[in-house]
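For clarity, every value in this text was computed on a predicted model and none was experimentally measured. Every chain is numbered from 1, with letters handed out A, B, ... down the list of sequences.
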Number of protein chains: 2
Amino acid sequence: MSTAATTTASKSERAYQLLHERIGNGQLVPGYRLVLSSIADELGCSVVPVREAIRRLEAEGLVTFERNVGATVASIDATLYLHTMQTLSIVEGAATGLAAHLITDEDLRRARELNNQLRECLENFEPVRFTRLNNEFHAILYGRCPNPHILDLVHRGWNRLNAMRASSFDLVPGRARESVAEHEGLLELLEAKASPHEIEMAARAHRTGTLNAYMAQKNQSPSLL
Amino acid sequence: MSTAATTTASKSERAYQLLHERIGNGQLVPGYRLVLSSIADELGCSVVPVREAIRRLEAEGLVTFERNVGATVASIDATLYLHTMQTLSIVEGAATGLAAHLITDEDLRRARELNNQLRECLENFEPVRFTRLNNEFHAILYGRCPNPHILDLVHRGWNRLNAMRASSFDLVPGRARESVAEHEGLLELLEAKASPHEIEMAARAHRTGTLNAYMAQKNQSPSLL
DNA sequence: CCATGATAGATCGTATACGATTTCGTACAT
DNA sequence: ATGTACGAAATCGTATACGATCTATCATGG
């Protein structure tokens, strides 16, 4: 009956999505205390669905939960950031490598167009748009990965990283420019039909910010971090 | 007061662990219907904690859940098995590579001892013990990985795979023997202080069952599957 | 002034109850 | 005999209520 999107979403699902979005866009900063009853009141539901939503967020690492104490938005730590980024570099690299031989010319064309738009963002200093387009760019590169589990891990990693960046870790200015250049290198590898392994390692290195070093000394095996 | 282990574990935690174990050891076969009220009765608690436990299991991929219908132990599919194994190969490989430079001589000694015991299991045909010792062996190799997120992913992968094997996919007879030989190769790489990248790829190839092919043509970049 | 213990408040954990949805069996019409 | 409609049973989804546990505040003694 409803032409709009699923209006039959369960309340726990709505609670989950609301909190997920608010954590993702920085409305809920790390350390913020999530009180079940307050959230339930705001959503106009009881605490049971809210509890379930929070446990799901906990499973994704977006909130921490302590028995009889409560939930707080996961706080950030340089080590945590590093670990998350490292994990993402591995799974996203693998996804990109697995997707490489399935990517279409149209995908590559769109990716190249996005990368040009990223350049514009750099010149006009549009960090928000940059982040969005950057996500789109990478989503194209790994999107054809035929293994849904790996794609799921990539999304989880992005979510965690996103939650972190929105709060305190923001783009390192110089890094963004470097990133766009690295994208170019990735596109060239893909267009040249390089081996999946080489593409995987390049995508991984891009995340770890050492693609250039990798390209310079690619005969030597690259360190993981 | 209680000298025994944590008696204060929440009921949802107990429900989770019970179901997790039963799925892991094959008591609950894929396709089995998990009815909240029945489990609640058996555990002597209400349905709310059971529901939470089941959603956790769902998040790990051990059960599937359908709104207003119920939960069933995740059924197995050759594709699902392949995807799970592939994911595990990637994250476990990465974990092993990251752990390589932290592994101790004592670790290697124990690993070698375990591998010898695995050989005994082969000769005496002890598949159950083989599986247990095999898990221990790999746990030693990747155990020193300093990134807890990656370790978590490895454990999730093992759990899913374990749930599958216990039910219908069992050890391929010939593969077990091959596996022990590949362990030997891994140990040699570790003892020789090979590069993390090389160890990562060897560990990954071991999972995908193609270490030998990899060793034979290791100049060429190995395909991911 | 500081340490310690008790009390009150806040919050979580779970039991119970009831409504919503699905599924399955049965009767009926074709 | 087969397909369909209807109704009952089963099961999930969530609201509400109450007990358990933690935290913070404050009084008391050193």
Pair [X] + [Y]: basic N to acidic O under 4.0 Å:
{"X": "B/E200", "Y": "B/R204", "result": "yes"}
{"X": "B/E52", "Y": "B/R55", "result": "no"}
{"X": "A/R156", "Y": "A/D152", "result": "yes"}

| query | Can you name the nearest heavy-atom pair linking A/K11 to A/G44, along with the distance? | reply | NZ-O, 4.3 Å
Which whole-number value in Å describes the distance from [X] [atom1] to [N] [atom2]?
{"X": "B/L36", "N": "D/dA10", "atom1": "CG", "atom2": "C1'", "answer": "12 Å"}
{"X": "B/E58", "N": "D/dG13", "atom1": "CD", "atom2": "P", "answer": "10 Å"}
{"X": "A/R33", "N": "C/dT11", "atom1": "CZ", "atom2": "C1'", "answer": "8 Å"}
{"X": "A/R14", "N": "D/dG13", "atom1": "CZ", "atom2": "P", "answer": "16 Å"}

| message | Measuring from the side chain of B/N68 (C-beta onward, heavy atoms only), which nucleotide among D/dC22, C/dC12, C/dT21 has the closest atom? | response | C/dT21
Kindly give the atom pairs (protein nitrogen or oxygen, nucleotide nitrogen or oxygen) under 3.5 Å for nucleotides 14-18 of chain C.
from, atom 1, to, atom 2, distance (Å)
C/dT14, OP1, B/K11, N, 2.6
C/dA15, OP1, B/K11, NZ, 3.1
C/dA15, OP1, B/S46, N, 3.3
C/dA15, OP2, B/S46, N, 2.6
C/dA15, OP2, B/S46, OG, 2.2
C/dA15, O5', B/S46, OG, 3.4

| said: Assess, by modelled atom type and distance only, whether the side chains of A/E13 and A/Q17 contain a donor and an acceptor separated by less than 3.5 Å. | reply: yes
| message | Does any part of the side chain of B/R207, heavy atoms only, come nearer than 4.5 Å to the side chain of B/M85, both counted from C-beta? | response | yes
| request: Give one of base, sugar-phosphate or nothing for A/L34, where a contact means two heavy atoms less than 4.0 Å apart. | output: sugar-phosphate
